[in-house]
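Beneath this line is the structure, given in structure tokens, with notes to follow.
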Amino acid sequence: MHELPLITTMAAAFTAAWVLGLITQRLGLSPIVGYLLAGIVIGPYTPGFVADATLAAQLSEIGVILLMFGVGLHFHLKDLLAVRNVALPGALGQSLVATILGCVVALAWGWPLKSGVVLGMALAVASTVVLIRVLMDNKLLDTTHGHVAVGWLIVEDVLTVVVLVLIPAMGAGAGGAGGAPAAGGVTWTLLIALLKLAALVVILLLAGSRVIPWIMVSVARLRSRELFTLTVLVMAIAVAAGSAYFFGASMALGAFLAGMVVGQSPVSHQAAADALPLRDAFAVLFFCAVGMLFDPMFLVHHPGLVQ
């Protein structure tokens, strides 16, 4: 029998998530807890079947893309601008406080300061998928609080790009005398990354707002359900992948911006309806992939680090 790692990974993840999701739901807990436990069960740190972690991580990215695309469908640029006075300083302040606390904790453990900065920056970034899913489950996504939360996440996505530029530079250390050349190189790299982000926003929200809705309407007029669904997937997945490959942005941010542009077309409701089933299914794989990363024995060996 031929090995089919993709199919077996999906089958194991969906089955384990279904069983444990039902159990946690009956216990009055969120099904997300069951999905995370399912990932632990099929992960490499527990006995029995071990799913392909690489494939699971890639499949989970599809869930992130479709989830953020669906959120973007219901948002307009004015919705984000309306909460900028809260989301922008809030996200920046929270990230600064988390980074400082990470440094304090790391120094208390005897870690070097650079490790503390990395720890703090990692803690400062919230899980977009988890927060969006919780907002959706509690019907808060379309409220003012939900808009603030989404705006907050968008700012954190931009900060993530900055962090990804700074971490390699911190690991490499100073590049020349006094570290000036290294600092100049980091500044230049960071500037390029921010310019790429600005270009992505301009292309999608300005140029894309004219082209993408026209494409959606043109395909809808062909009255082919398959072609329309395929067009929705292209707008979500291809644009997200292009955002990451060409502009260095996160796929979640690219998918969100693509969703905002598609949301301006007259057929946005049909696009949302077509993306919904796929979104929910692949979102489950995201939580399973996260669970696969968890080693239960780490709690036993290092209980103080997770308290």
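Starting from 1, each residue takes its place in the sequence as its number. Hydrogens, waters and symmetry mates play no part in the numbers below; they use all other heavy atoms, side chains included.
With sequence neighbours excluded, the residues forming a side chain to side chain donor-acceptor pair (under 3.5 Å) with D274 are R225, T229, Q270, listed by chain and number. In this view, T143 and L140, H145 satisfy the side-chain contact (heavy atoms from CB on, under 4.5 Å) rule, not counting sequence neighbours. For A193, the side-chain contact (heavy atoms from CB on, under 4.5 Å) criterion is met by V161, V165, not counting sequence neighbours. With sequence neighbours excluded, no residue forms a side chain to side chain donor-acceptor pair (under 3.5 Å) with Q264.
Between F228 and M216, the closest side-chain pair of non-hydrogen atoms falls below 4.5 Å. Using a 4.5 Å heavy-atom cutoff, the side chains of I23 and L37 are not in contact. By the 4.5 Å heavy-atom criterion applied to side chains, L153 and F256 are not counted as neighbours. Contact check for M251 versus I237: no side-chain heavy atoms found under the 4.5 Å cut-off.
Pairs engaging residues 82-107 under the side-chain hydrogen bond (donor to acceptor under 3.5 Å, both in side chains) rule: Q94-W152 [sequence neighbours left out]. Screening residues 287-299 for side-chain hydrogen bond (donor to acceptor under 3.5 Å, both in side chains) gives no qualifying pairs among residues at least two apart or on separate chains. Applying the side-chain hydrogen bond (donor to acceptor under 3.5 Å, both in side chains) definition to pairs two or more places apart or across chains, none involves residues 32-55. Sorted by first and then second residue, the side-chain hydrogen bond (donor to acceptor under 3.5 Å, both in side chains) pairs involving residues 13-32 (not counting sequence neighbours) form an empty list. The salt bridge (charged side-chain N to carboxylate O under 4.0 Å, His left out) contacts involving residues 119-136 comprise R133-D137, where partners must be two or more places apart or lie in separate chains.
In this structure, CD1 in I40 is found 10.5 Å from SG in C288, a value given to the nearest 0.5 Å. Of the inter-residue distances, the one linking L257 atom CG with F247 atom CZ reads 11.0 Å to the nearest 0.5 angstrom.
Linking ILVMFWY side-chain heavy atoms closer than 4.5 Å, directly or via other members, places L227 and V232 in a single hydrophobic cluster. In the hydrophobic cluster analysis, where Ile, Leu, Val, Met, Phe, Trp and Tyr join through side-chain heavy atoms closer than 4.5 angstrom, F14 is grouped together with L66.
Applying the 4.5 Å side-chain rule to ILVMFWY residues, one finds V202 in the same cluster as L206. Taking a 4.5 Å side-chain heavy-atom cut-off between Ile, Leu, Val, Met, Phe, Trp and Tyr, the cluster of V300 extends to M297. V155 belongs to a hydrophobic cluster whose other members, connected by ILVMFWY side-chain contacts under 4.5 Å either directly or through intermediates, are L88, L92, L159.
Remark: side-chain polar atoms of T8 are paired, donor with acceptor, to backbone N or O of P5 under 3.5 angstrom.
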Is there a side chain to side chain contact (heavy atoms under 4.5 Å, CB included) between V261 and V239 once you walk through the steps? CA-CA 11 Å; V261 175; V239 171; over 6 Å; no
